[in-house]
Amino acid sequence: MREIAVFSGSAHPQLAAEICARLGVPRRPVVTRRFANDCLEVQLQSNCRERDVFLIQPLGPPVQEHLIELLLMLDAARGASAARVTAVIPHYAYGRSDKKNMPRVSIGGRLVADLLVTAGASRVLTVTLHALRELANHFRGLDLTSTVVVSPDLGNAKQAAALARMLGVAVAAGAKERQNDERVTISSIIGDVTDRDVIIMDDEIARGTTVMELLRRLREQQVRSIRVACTHGLFSDGALQRIAAQPDVAEIVTTNTVAIPDSKRDAKLHVISLGPALAEAIRRIHEGESVSALFDAP
């Protein structure tokens with residue numbers, strides 16, 4: 001079997017170190033240089049020839065900087081005659097840009113995927129189902145008798161429904177309309193939430209405007225308690241502090257797909273590590289085992 005070689009960019013070295021520790025392999029060194037003209041150069045400082053290479057780089061802020069760094073690492077690995085190159089992208093930032101919502105706009109998710117392949121990626125490993133399983137394990141410690149999982153919008157209802165199935169509880173969704181990046185309106189909630197314990201499940205929380213609007217609607221329905229969960233906790237522009245300041249929010253749960261600086265953390269925040277799940281997925285890819293089997297267990 002080919003030797004495994006794991007490298008990481010600058011986006012989340014803590015997660016990369018945890019993954020390598022679980023795999024029992026070293027994190028290979030990478031040097032990134034910035035020239036006077038603001039261009040980057042990346043050097044993989046370990047042999048890649050005929051090795052199974054994994055490059056760990058979530059696309060968290062600054063997204064464009066981390067994307068270019070990843071593309072340069074991919075090209076370097078391919079140029080160094082790696083047998084196979086897997087881009088491990090826990091947070092695929094352009095994933096939401098998967099369709100045209102107006103004329104003459106780019107489908108960013110498809111474009112970035114094409115760039116990754118052109119740069120040398122044999123495959124991409126990202127996070128959706130991994131996170132739902134870990135979030136479900138966290139919430140199973142609660143009394144779920146009167147719990148309902150609420151998606152902020154119909155677009156995320158599939159993930160919310162998957163979490164609800166894992167927990168054996170009901171699901172509801174908000175009817176959301178987005179005016180712009182900073183303003184949303186939720187006209188109603190589809191499903192019964194009155195006098196229920198609510199788990200808000202969103203894919204990504206950036207500014208938190210959607211969550212704040214949903215909290216307003218849930219209060220009108222006189223819910224019993226509220227917990228907020230998301231896969232990717234970006235928490236930009238003070239979003240975490242705004243949500244945590246709401247007295248009826250008992251807990252905010254996210255994963256470590258992106259690095260969360262200490263300056264952003266709050267006592268209500270609980271971060272679940274996906275290092276073990278990602279390490280197991282990498283091991284299965286390397287050894288030719290099924291990755292989908294990871295989701296067969298409850």
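Computed from heavy atoms alone, side chains included, the values below leave out hydrogens, waters and symmetry copies.
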Using the test side chain to side chain contact (heavy atoms under 4.5 Å, CB included), find all partners of [X] that sit at least two apart in sequence or belong to another chain.
| X | result |
| --- | --- |
| A113 | Y92 |
| E65 | R34, L40, P62 |
| A17 | R27 |
| L111 | S106, L115 |

Those residues that, when tested against T32, pass side chain to side chain donor-acceptor pair (under 3.5 Å) (two or more places apart):
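Expected list: E69.
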Review item, side-chain donor-acceptor pairs of residues 162-173, under 3.5 Å, at least two apart:
none

Suppose the criterion is salt bridge (charged side-chain N to carboxylate O under 4.0 Å, His left out): which pairs have a residue in residues 142-156, not counting sequence neighbours?
D153-K176
Any salt bridge (charged side-chain N to carboxylate O under 4.0 Å, His left out) involving residues 230-247? Give me the pairs, sequence neighbours left out, ordered by first then second residue.
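Residue pairs passing salt bridge (charged side-chain N to carboxylate O under 4.0 Å, His left out), neighbours aside: R207-D237.
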Which residues pass the salt bridge (Lys or Arg N to Asp or Glu O under 4.0 Å) test with R123, sequence neighbours left out?
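So R123 forms no salt bridge (Lys or Arg N to Asp or Glu O under 4.0 Å) with any residue.
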Give every residue pair that meets the ring-ring contact (aromatic ring centres under 6.0 Å, His included) criterion with at least one member in residues 131-167, sequence neighbours excluded.
H138-H270
Hey, what else clusters with L234 if you join Ile, Leu, Val, Met, Phe, Trp, Tyr whenever side-chain heavy atoms sit under 4.5 Å?
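Traced through the cluster, L234 reaches V258.
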Would you give me the side-chain donor-acceptor pairs under 3.5 Å for residues 195-204, sequence neighbours excluded?
from: R196; atom 1: NE; to: S146; atom 2: O; distance (Å): 3.3
from: D197; atom 1: OD1; to: S225; atom 2: OG; distance (Å): 2.7

